[in-house]
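Before any comments, here is the structure.
Worth knowing before you read on, the calculation uses all heavy atoms, side chains too, and leaves out hydrogens, waters and symmetry mates. The sequence lines fix the lettering, A, B, ..., with proteins before strands; numbering per chain opens at 1. Note that the structure is a prediction, hence the values are computed from the model and not measured.
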2 protein chains.
Amino acid sequence: MTTRDTLVRAALERFARYGYLGSSIQQIAADVGASKSSVLYHFDSKEALLEAAMAPALDALSGIIESLPERRDDKVAAAPALVTGFVDTLLQHSAAVSIFISQRGALQDVPVIQRGNELVDTIASTLVAEAPSTRALTRLSIGLAGVAFILGEALRETHQRPDPAELREVLIETLLELCLPAACTRAPQAEMHT
Amino acid sequence: MTTRDTLVRAALERFARYGYLGSSIQQIAADVGASKSSVLYHFDSKEALLEAAMAPALDALSGIIESLPERRDDKVAAAPALVTGFVDTLLQHSAAVSIFISQRGALQDVPVIQRGNELVDTIASTLVAEAPSTRALTRLSIGLAGVAFILGEALRETHQRPDPAELREVLIETLLELCLPAACTRAPQAEMHT
DNA sequence: TCGACTTCTGACCGATCGGTCAGTACGCTG
DNA sequence: CAGCGTACTGACCGATCGGTCAGAAGTCGA
């Protein structure tokens with residue numbers, strides 16, 4: 001593995017755990033036994049390092065939504081496979097996903113974050129294209145943000161690590177449940193109208 | 001309104017929007033037309049300012065879980081009212097909730113964040129006391145994190161602001177759905193075992 | 001052996017950070 | 001008026017930040 005790749009991995013972990021603003025180039029360099037100058041030799045700036053670290057995840061998600069419009073037959077039937085692939089991609093890039101979800105507010109001026117925002121907008125508008133109700137959009141947001149949060153939580157060393165396979169199944173199932181319109185009615189609906 | 005209260009409000013908004021590490025005392029002071037020294041006169045440190053800003057939200061949530069063990073009759077029947085009160089509290093303190101959820105990783109050494117962590121642990125263990133399965137816990141986490149994310153998103157000026165009343169209902173309904181064990185079986189379960 | 005290129009480093013720079021401190025303006029009480 | 005506590009400020013401090021730069025060390029082909 002090249003020094004550059006090592007730095008990207010270290011940066012990804014640091015940024016996910018302590019935040020982009022909470023991580024210094026010095027610390028990332030120390031993590032891999034290099035100097036701050038070495039980091040700035042491989043990457044033009046701290047932002048460039050963040051971009052290099054986030055790029056694979058963004059590319060993977062871009063790939064998913066590009067191959068999306070092909071299957072147009074039955075949305076409900078296609079949903080499980082779609083959500084499964086989506087969750088697997090999120091799991092593969094959990095650190096980057098966690099960085100994006102929890103820090104996109106503070107980093108709204110960073111280009112790579114803006115690219116992520118556009119990507120999310122595309123996903124959202126695609127998934128709820130035919131029923132862009134506030135309700136559907138909100139449920140989808142809860143699902144995506146919740147899943148991303150779990151991903152970020154899973155890569156911390158505290159608490160016990162859940163079984164990855166079981167986690168994957170629960171994520172897929174829950175996201176699917178939030179994504180599809182509620183087919184079966186809930187029993188007690190509280191005192192809400194509807 | 002006293003200068004102190006004004007500063008707390010400004011800090012809450014800054015911290016939620018740009019992150020604790022992304023906000024300087026100088027900026028918060030400028031938001032209210034005061035000087036940096038004035039901020040440090042009212043609060044011993046930047047951490048103390050964060051604590052003062054988060055305290056009302058943490059106190060409110062503490063109040064909720066303290067009044068929890070009283071109703072022990074039927075968990076399922078009590079859930080709607082409980083979740084409703086919970087969501088309303090989160091809505092009242094949306095900025096603080098957003099700060100906590102998205103920055104608790106980067107601020108894990110800050111005492112007020114640790115207090116929040118303990119609070120969340122208490123809530124989680126209380127809500128899934130009788131069925132502490134990974135599944136139930138994960139679903140609950142997704143719901144809480146998702147709702148908190150929506151809250152943080154709602155207080156940004158970008159995009160259109162959704163109808164508060166409708167948002168509240170969707171949040172309650174969705175959280176309730178994720179909280180209660182799935183009473184009715186989903187139709188297509190994909191190619192997962194189980 | 002001699003450059004040329006890549007990789008990497010320590011020294012250094014200006015800016016900004018959180019925080020300290022001496023001092024000022026003001027209102028109240030005696 | 002004097003004295004005192006509250007509210008507030010500008011000047012200043014050390015530390016750390018991201019980033020620049022000149023140069024050292026190694027490799028490689030001519």
Side-chain angles (χ1 to χ4, degrees), chain A residues 1-55 96 99-100 102-114, chain B residues 1-55 99 102-114:
Chain A
M1 185 147 56
T2 69
T3 300
R4 196 190 142 96
D5 290 339
T6 310
L7 283 172
V8 165
R9 284 172 182 260
L12 211 44
E13 186 171 334
R14 273 261 169 208
F15 290 159
R17 204 180 289 223
Y18 304 104
Y20 175 77
L21 292 173
S23 308
S24 68
I25 302 179
Q26 190 91 257
Q27 291 170 330
I28 295 169
D31 286 343
V32 305
S35 71
K36 185 177 72 168
S37 297
S38 179
V39 177
L40 286 165
Y41 164 76
H42 289 284
F43 307 94
D44 287 343
S45 64
K46 191 186 179 185
E47 265 194 29
L49 175 54
L50 175 66
E51 173 156 358
M54 300 284 288
I99 291 171
F100 175 73
S102 64
Q103 301 178 53
R104 60 187 281 252
L107 305 180
Q108 52 190 333
D109 294 333
V110 181
V112 72
I113 297 293
Q114 293 171 355
Chain B
M1 185 149 52
T2 68
T3 302
R4 193 190 145 97
D5 290 340
T6 310
L7 284 172
V8 164
R9 283 173 181 261
L12 211 44
E13 187 171 335
R14 273 261 167 206
F15 290 159
R17 203 180 289 223
Y18 304 104
Y20 176 76
L21 293 173
S23 309
S24 69
I25 301 179
Q26 190 91 255
Q27 290 170 331
I28 296 169
D31 286 342
V32 304
S35 70
K36 186 176 72 167
S37 297
S38 179
V39 177
L40 287 165
Y41 165 76
H42 289 284
F43 307 93
D44 287 343
S45 64
K46 191 185 179 188
E47 265 194 28
L49 175 54
L50 175 65
E51 173 156 357
M54 300 284 287
I99 291 172
S102 63
Q103 301 179 51
R104 59 188 282 253
L107 305 179
Q108 51 189 333
D109 294 333
V110 181
V112 73
I113 298 295
Q114 293 172 355

- For C:dT6, does OP1 or OP2 lie under 4.0 Å from any side-chain N or O of A:His42? no
- Taking only residues at least two apart or on different chains, which pairs with a member in residues 27-46 of chain B satisfy salt bridge (Lys or Arg N to Asp or Glu O under 4.0 Å)? B:Arg14-B:Asp31
- Report the distance from atom CE of B:Met54 to atom CD1 of B:Ile113, rounding to the nearest 0.5 Å. 4.5 Å
- Look up atom CG in A:Leu107 and atom CD1 in A:Ile99, then write down how far apart they are to the nearest 0.5 Å. 9.0 Å
- Query: Quick one: what's the B/S/- string for nucleotides 14-21 of chain D, heavy-atom cutoff under 4.0 Å, read 5' to 3'?
  - Reply: ---SBBB-
- Note on the structure: Reading nucleotides 22-27 of chain C from 5' to 3' and marking B where a protein heavy atom lies under 4.0 Å of the base, S where only the sugar-phosphate is that close, and - otherwise, the string is ------
Give every donor-acceptor pair under 3.5 Å between a side-chain atom in residues 6-13 of chain B and any protein atom, sequence neighbours left out.
unit_1, atom_1, unit_2, atom_2, d
B:Thr6, OG1, B:Thr2, O, 2.9
B:Glu13, OE2, B:Arg17, NH2, 3.1

- Qualifying residues under ring pair (Phe, Tyr, Trp, His ring centres under 6.0 Å), relative to A:Phe100, sequence neighbours excluded: none
- Message: Looking at every heavy atom in both A:Gly19 and B:Ala106, which two are closest together, and how far apart are they?
- Response: N-CB, 4.3 Å
- Item | Heavy-atom pair of closest approach, residues A:Ala29 and A:Val39 | CB-CG2, 3.6 Å
- Query: Does any pair with a residue in residues 5-39 of chain B pass ring-ring contact (aromatic ring centres under 6.0 Å, His included), and if so which ones, sequence neighbours excluded?
  - Reply: B:Phe15-B:Tyr20
- Message: Tell me which pairs pass ring-ring contact (aromatic ring centres under 6.0 Å, His included) where either residue lies in residues 23-43 of chain A, with sequence neighbours left out.
- Response: none
- Side chains of A:Ile25 and A:Leu49: closer than 4.5 Å at any heavy-atom pair? no
Distances under 3.5 Å between nitrogen or oxygen atoms of protein and nucleotides 4-6 of chain D:
none

- Message: Quick check on the helix from C:dT1-D:dA30 to C:dG30-D:dC1: what's the angle between its two end axes, five base pairs per end, to the nearest 10°?
- Response: 20°
- Task: Can you sort out the partners of A:Ser24 under side chain to side chain contact (heavy atoms under 4.5 Å, CB included), two or more places apart, ordered by chain and number?
- Result: A:Gln26, A:Gln27
- Item | Any residue meeting side chain to side chain contact (heavy atoms under 4.5 Å, CB included) with B:Ser37, in chain and number order, not counting sequence neighbours | B:Ser35
